[in-house]
Each structure stands twice: as structure tokens, then as C-alpha cells.
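Presented below is the structure to which this report refers.
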Amino acid sequence: MQAKLKFTLFSLLLAAVILTACAPAADAPSGAEPILVVSGGEVSVEYTAADLEALGPVQATFLDVTYLGIPLTVLLEDAGFDPAALRAVKVVALDGYSVNYEPDFFLLPDTLVSYARLDAPLAEDELPFRMVLPAAEGKMNVRQLTEVQAIP
């Protein structure tokens, strides 16, 4: 009888351990605002959509959609970088997709880091942020943006 009880207790304990290991991890508190990281060298600054909006929103249109955002040069300056002194800017999406922009792209006044559409929030597949380069092809307009890296 004791062997059966020990086996049952062991089985229950094993099941609890397995279920705990399979439970989803709590990455961020529910309702936490998405963060955009602007980094380079030893500098790393975090921005929320409200932080970007406070920098002075502008508009740019790509594929007949008008986006609200902040010019990339303004964002870089706010984070402590001189855009004219950079040789490239790398942007990184949630899934690891990245694009490097040369000065011909990142210094344009209508190259934006977007946090919303003019008439609505960003589409679900664009969140949390999106690059908008009206003069560039689609793959340069990175969706699900999480990081901007300044490259001196």
C-alpha cells in the first residue's frame, strides 16, 4: 500500500513540474507600453509612442497610407547622436529582420519612425512601431520595429 501511495505522490509531483515548465513565461506586465530602443556605442535610450509623439509628430505617406511619426533625424538627435556624423543606421524588427540605411535614406526629412496612422492606430502587423520611407521600396519600410542602431 505504501508503495502505491509513494508512486501516486511521485506521479502528481512529476505532473506539476511538467505543467510548470510548460507554462508561458511572463515577459512583460500586462498593459505595458511598447518600447523602441535607440542605441549606439554605450548609449541606449528607450522611447514609448507617447515619447515619440511629444517630440513633434509629422506626416508621411507610403502606399496611400498616411502615417504619423517622428523624423528619424529628430529621434537620433534626441537620443544624443549627430545624424550627419553617422555613416549608417540599422533598424531591427521583432523577428530579427534588419535593414541598414545609408545617409541618402536616413537623412531625408520624410523618413519617419511611425507610431500611428493618421486616422487610426498602426495595423496589427505593423506594431509596435514602423519605419516609413516614402521614397523607398517596401522591404525598406520595416514593420514591427523595436530598435534603431546608430552606426558612426
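What you are looking at is a predicted structure, and each value in this text was computed from that prediction instead of being measured. Numbers here are sequence positions counted from 1.
Atom OG1 of Thr73 and atom CG of Leu86 lie 11.0 Å apart (nearest 0.5 Å). Note that OG1 of Thr48 and CD of Glu53 are 9.5 Å apart. Values are rounded to the nearest 0.5 Å. Between the CG atom of Leu72 and the CG atom of Leu112 there is a distance of 9.0 Å, given to the nearest 0.5 Å. Here CD of Gln59 is found 4.5 Å from CG of Leu118. Values are rounded to the nearest 0.5 Å.
Grouped by direct or indirect side-chain proximity (heavy atoms under 4.5 Å, Ile/Leu/Val/Met/Phe/Trp/Tyr only), Leu108 sits alone.
Under the 3.5 Å distance criterion, with hydrogens and angles disregarded, no donor-acceptor pair is assigned to the side chains of Glu33 and Tyr47.
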All N/O donor-acceptor pairs, side-chain side in residues 96-104, below 3.5 Å, sequence neighbours left out:
residue: Tyr97; atom: OH; partner: Lys139; partner atom: O; Å: 3.1
residue: Tyr101; atom: OH; partner: Met140; partner atom: O; Å: 2.5

Only distances under 3.5 Å count here; give the side-chain donor-acceptor pairs of residues 144-152 to other protein atoms, sequence neighbours excluded, each with its distance to 0.1 Å.
residue: Thr146; atom: OG1; partner: Val92; partner atom: O; Å: 3.2
residue: Glu147; atom: OE2; partner: Ser39; partner atom: OG; Å: 2.8
residue: Glu147; atom: OE2; partner: Gln149; partner atom: NE2; Å: 3.4

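In the hydrophobic clustering of this structure, Val74 groups with Val89; members are Ile, Leu, Val, Met, Phe, Trp, Tyr whose side-chain heavy atoms approach within less than 4.5 Å, directly or through other members. The hydrophobic clustering, which links ILVMFWY residues whose side-chain heavy atoms are closer than 4.5 Å, places Leu55 and Leu76 together. Hydrophobic clustering (side-chain heavy atoms under 4.5 Å, transitive across Ile, Leu, Val, Met, Phe, Trp, Tyr) keeps Leu75 apart from Val37.
Residues Phe81 and Val43 are in side-chain contact: their nearest non-hydrogen atoms beyond the backbone lie under 4.5 Å apart. A heavy-atom distance below 4.5 Å is found between the side chains of Leu36 and Val113. Here the side chains of Leu107 and Pro83 are in contact, with some heavy-atom distance below 4.5 Å.
A donor-acceptor contact shorter than 3.5 Å links the side chain of Asn141 to the backbone of Leu133. Side-chain atoms of Thr111 come within 3.5 Å of backbone atoms of Phe105 as a donor-acceptor pair (strictly under, hydrogens ignored).
The list of salt bridge (charged side-chain N to carboxylate O under 4.0 Å, His left out) pairs with a residue in residues 64-88, not counting sequence neighbours, is empty.
With sequence neighbours left out, the side-chain contact (heavy atoms from CB on, under 4.5 Å) criterion links Ala49 to Tyr115, Phe129. Listed by chain and residue number, nothing satisfies the salt bridge (charged side-chain N to carboxylate O under 4.0 Å, His left out) test with Asp119 (two or more places apart in sequence, or in another chain).
Residue Tyr67 comes nearest to Arg130 through the heavy atom pair OH-NH1, 3.5 Å, listed as atom of the first residue, atom of the second, then distance. Taking both residues in full, the closest heavy atoms of Val132 and Ala60 are given as CG1-CB, 4.1 Å, listed atom of the first, atom of the second, then distance. Across all non-hydrogen atoms, the minimal contact from Gly56 to Ile70 is O-CD1, 3.4 Å. Residues Val91 and Met131 approach most closely at CG1-SD, 4.0 Å, considering heavy atoms. What you find for Pro128 and Leu122 is that their closest heavy atoms are O-CD1, 3.7 Å.
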